[in-house]
Amino acid sequence: MHTIYKIFFLIAIFFTARNTAYTQVTQDSLPRATQNKDSIPSVKDSVSSVSSTKDTVPSSVNVELENIFNAKAPKQYTISHITVTGTTFDPNLIISISGLTVGGKVILPGSDDFANAITNLWKQNLVSDVEIYLTDLKGSDLSIEIHVTDRPVLSNFKFKGISKTESDDLSKKLDIKKGRVTRVTEGFKVSAITTIKKFFIDKGFRNVEVTISESKDTKATNAVNLLFIVDKNGKVRINNIFFAGNHKVPDLKLKKQMKGTKEKSRLTLFPGTAYNVYDSSKTNYLPFNQYIRENGFLFPSKTKEVLDPYVRFKFLSSSKFNEKKYVEDKNKILDYYNSLGYRDATIVADTTYNDHGDLDVAIKLTEGPRYYFGNITWKGNTKYPDSILNLILGIKKGDVYNAETLNKKLGVTPSPEGGDISSLYQDDGYLFFHVTPVETAVYNDTIDHEIRIVEGPQATIGKIGISGNDKTKEYVIRRELRTIPGEKFSREKIIRTQRELSQLGYFDAEKISPGIVPHPENGTVDITWNVVEKSSDQLELSAGFGGGIGLTGTLGVTFNNFSIYNIFNKKAWDPLPVGDGQKLSLRGQSNGRQFRSYNFSFTEPWLGGKKRNPFSIGYYDTKYANAYDPYTGYYNRDYADSSYIKNTGISVSLGKQLRWPDDFFSLVYQLNYQRYKLKNYNIFPGLLNGVSNNISFKITLARSSAGPNPIFPTSGSNFILSTELTPPYSLFRKGEELSKTDQYKWVEYHKERFTAQWYVPIGQGRGENKDKQFILYAAAKYGFLGRYNSAAPLSPFGRFQLGDAGLSNNYGLLGYDIIAHRGYPVYDNSNPKVNPDLSQARDFFTIFNKYTLEMRYPFSTSASSTIYGLAFFEAANGWFSFKDYNPFKLRRSVGLGMRFYLPMFGLLGFDYGIGLDRINPGTGLKGAAKFTFMLGQEPE
């Protein structure tokens, strides 16, 4: 026993004297001293541990092992064998991390090799105990054993003090899951606490406290359960934001720049006391006597300042304090100062401090002098003279200095809208163009600039590649490209090509990108258009069975990238022939005995394959019957056959893209034939039975530059002007007496429509939401239905129906343009006071005006789903003649809505509108509100 103790004691003293890890040396049969967890053992620990196991000490020891530490001089040994025990890790991995190798040399006593091996293993944070044994010695060949105790594995974890939703979110952020092997180390615990705290601090819980309770899992070996105990201690909100040193810019202007740091709402008669730590003489409000003395009631900003301590509404903004957003907002304040010419403005100090449990923020500024632009000179420009560049730059001597405006006008800061110096050059092939503004002199408050230009050579387009089109054939993409090999490089054509490809609807608009590879050595540039296919086909399916109605249902399919050329090619059916960019739509709908409809349409966007000449053909057949039996309360087949209206039609159209005034214009010619058959169906006075025929020719001039995403346009505009003409039959039958039925046998009218739509981006998203921004949508629509002969009656067909969600109904069979008006039901003008001439078609107008304003915000614009919300204002009305026409008498409405676009099912929309002109005494707001639903397409 004395010999064994001596071996342990000597090696313990050896490594402890070096202030390093401890190594045990013994034979296979010697007892093992246990290290203290997460600490380096002392000599005392090792001796006591051996003493506690003295009953297991063998009767003999290897004398050669004992002599290793009795030797008077160090001796070199060769490691002949390494054994790893006690761990679930790969033994080879443990040996590799330790740094010890078979065949390696060690000098004992005196070597640090074993101590370094233990240190290397400890650094991995995977073990809680490491022991090294000398197990055998033959000559100079030494066998060793590395005994490792793994750190415990996380068996289960829970959260206490938070909701299930917060627990799920935190589990993702911590990246720990039940069943995954996770070693519980001190570093892991610290990291988990930091992550949890950051999560709640970002939500406004700045005083959150997190502790961890650890317990052994009795059902598993070397495993523990963790309980994360979270005490959020309530949200900390911003009570006041103070500024000091801002003499030129008022506090309200600076607060407005802080988009992510807002004061909390307030409504009180006792605002309490709040102080500015940087300027105790400055308060956050305007004294009332000063307000009166300075006639502050004439200025909204001063009125707001005097009311601020008592009334403050921040319903649409959060007042929680977010450190990251606060840092961004401080930069925004300086950017705002720079935009006003104060380029030396700095934040010299800022702090946050608690006041009555909430947080106050104080920012101290120095504004510096205001600067102005001085002389601007150009250097290096040979393509364009100074006069042209100055005109495009739009900055004159004496203008307030603004570095952001200068960089934007030069194109140093790229702008998708163009209109800058860089765009001017790059649109003319100067791909290698470079511009640098240099301050040449600063005197008093004026800054002179020299704009240094490196034009470089004009680049021509070399190779054009296409990547990512798995279904769409390459020629369908190439015919849309504006980047043509051999032509000069143009930034504008790059942007236009992106729009054209996104308008096809076959690709994810956000992932269409040009891979531009310039070759300065030969002045060319290769472009590879990268696209990502998305599903654009749509399916409509519904079914049901009703008492008396019978089987009801809808089956509709739309193939937006069809290939009619391969329809007889069996190999192309996978599951359908696709890739040629054609559109095929089939739809059938039945409502039992009451209604049925069949529709077919086909479109070839490039008739002939050489020019963008869209060709379309469509056919439909629809029947609506009065099948309801008022005596039985059921739908009756006999009624359906004795009273109905049937509409059958066919249309053929051919379009052409124009080159003048620009190639956003197109011209479409359309020939239509419709046949109306009425049997005991009373819609118009005097028209109960008979057949009416409508042959019309329609010509449409359109300009469409909205995009780039056709589902959610973010810029551009659409203009549509159309006229639809029937033959003027009445001009050839003067004096001829015809019955009313005969008068409607050949329908005649002329109808004009005009639509204008604009999409204007408002603001710019930041951070993770940089691609999300508000879009202002504005639209104006007009329609007029006229006649050739004042003696002939106005056509009952082709009129305008206003109101409701714009979904078609049985009156839609008459070729009516159905104009939606949210917040109103379908206009009912059967009241003689509203419509004195009841001989005209009830509810259906010959003139209409409609105006729309929407503020849209996208929640998702991915290829799998486009979701956006909107707030709208609408005003519309309809009239029966110019005699009644009053463009200022409109029915107004406001409301909110949501749009969901799923590629498989198309558009789904909900609106809640309030008809402002329906609010009458006794009705109230509830009686003036209306919920509307839309499916398939956005109504007019």
Side-chain angles (χ1 to χ4, degrees), residues 163-166 168-170 172-173 199 202-204 259-262 314-320 322 324-325 328 416 498-499 502-503 505-513 532 534-536 538 706-716 718 757-779 805-806 820 822-823 852-874 894-914 931-939:
S163 67
K164 184 179 183 304
T165 301
E166 292 170 333
D168 293 340
D169 293 340
L170 277 172
K172 296 176 183 178
K173 287 185 175 293
F199 176 80
D202 289 344
K203 289 181 174 292
K259 305 299 183 183
T261 309
K262 299 289 187 181
K314 303 286 184 180
F315 295 130
L316 299 179
S317 59
S318 173
S319 61
K320 68 183 182 183
N322 184 302
K324 182 178 178 182
K325 292 182 178 180
E328 293 176 355
Q498 287 179 299
R499 176 188 180 274
S502 66
Q503 292 291 320
Y506 315 147
F507 312 113
D508 186 344
E510 296 183 340
K511 296 181 180 178
I512 298 173
S513 62
V532 177
K534 72 172 185 179
S535 174
S536 58
Q538 297 177 9
N709 188 338
I711 306 300
F712 186 77
T714 56
S715 62
N718 294 324
Q757 300 170 314
W758 295 269
Y759 302 89
V760 182
I762 305 295
Q764 178 63 52
R766 295 180 181 272
E768 296 178 355
N769 297 321
K770 64 180 180 179
D771 295 328
K772 295 182 179 180
Q773 61 187 138
F774 286 98
I775 303 298
L776 177 64
Y777 165 74
R822 293 166 286 190
T852 302
L853 274 177
E854 288 183 0
M855 185 63 77
R856 301 177 174 181
Y857 184 79
F859 298 105
S860 171
T861 55
S862 66
S864 58
S865 63
T866 298
I867 304 172
Y868 64 90
L870 59 90
F872 68 84
F873 170 79
E874 280 188 340
V894 296
L896 301 172
M898 288 290 295
R899 298 290 183 272
F900 306 84
Y901 182 85
L902 304 176
M904 179 62 74
F905 301 103
L907 180 71
L908 181 65
F910 305 92
D911 288 307
Y912 185 79
I914 299 173
F931 179 82
T932 52
F933 167 79
M934 62 199 66
L935 179 66
Q937 64 182 8
E938 188 79 27

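Quick note: residue numbers are just sequence positions, from 1.
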_Check against side chain to side chain contact (heavy atoms under 4.5 Å, CB included), Trp758 and Asn718_ = CA-CA 7 Å; Trp758 295 269; Asn718 294 324; over 6 Å; no
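- Residue Ile762 comes nearest to Gln773 through the heavy atom pair O-CB, 3.9 Å, listed as atom of the first residue, atom of the second, then distance.
- Distance check: Glu328 CD to Asn322 CG gives 8.0 Å after rounding to the nearest 0.5 Å.
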*Report the C-alpha distance between Lys173 and Asp169 in whole Å, list the side-chain angles of each, state the deciding distance to 0.1 Å, and finish with yes or no for salt bridge (Lys or Arg N to Asp or Glu O under 4.0 Å).*
CA-CA 6 Å; Lys173 287 185 175 293; Asp169 293 340; over 6 Å; no
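- With values rounded to the nearest 0.5 angstrom, Asp911 atom CG is found 7.5 Å from Glu854 atom CD.
- Remark: Lys534 NZ is packed, more than 12 non-hydrogen atoms of other residues, nucleotides or ligands lying under 6.0 Å away.
- For the atom pair Ile711 CD1 and Thr866 OG1, the distance stands at 6.0 Å (nearest 0.5 Å).
- Remark: side-chain polar atoms of Thr852 are not paired, donor with acceptor, to backbone N or O of Ala779 under 3.5 angstrom.
- Below 30°, between 30° and 60°, or above 60°: for Phe900 and Phe910 the angle between ring planes is above 60°, a perpendicular geometry.
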*From CA spacing to verdict: side chain to side chain contact (heavy atoms under 4.5 Å, CB included), Lys325, Lys259*: CA-CA 8 Å; Lys325 292 182 178 180; Lys259 305 299 183 183; over 6 Å; no
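- Annotation for Gln503 and Pro710: closest pair OE1-CB, 3.8 Å, computed over non-hydrogen atoms.
- Taking the six-membered ring for Trp, Tyr868 and Phe712 have ring centres closer than 6.0 Å.
- How far OG of Ser502 is from CG of Asp508: 10.0 Å, rounded to the nearest 0.5 Å.
- Residue Met898 holds its CE atom at 8.5 Å from CG of Leu870, rounded to the nearest 0.5 Å.
- Residues Lys262 and Lys320 fail the side-chain proximity criterion, which asks for heavy atoms closer than 4.5 Å.
- In this structure, Ile512 CD1 and Phe507 CZ are separated by 7.0 Å, a value rounded to the nearest 0.5 Å.
- Shortest non-hydrogen contact noted between Asn709 and Thr861 is ND2-O, 4.3 Å.
- Closest heavy-atom contact between Ile775 and Tyr759: CG2-CB, 4.3 Å.
- Between Phe774 and Arg856 there is no side-chain heavy-atom pair separated by less than 4.5 Å.
- Within the 6.0 Å centre-distance limit, the rings of Tyr857 and Phe859 are counted as a close aromatic pair.
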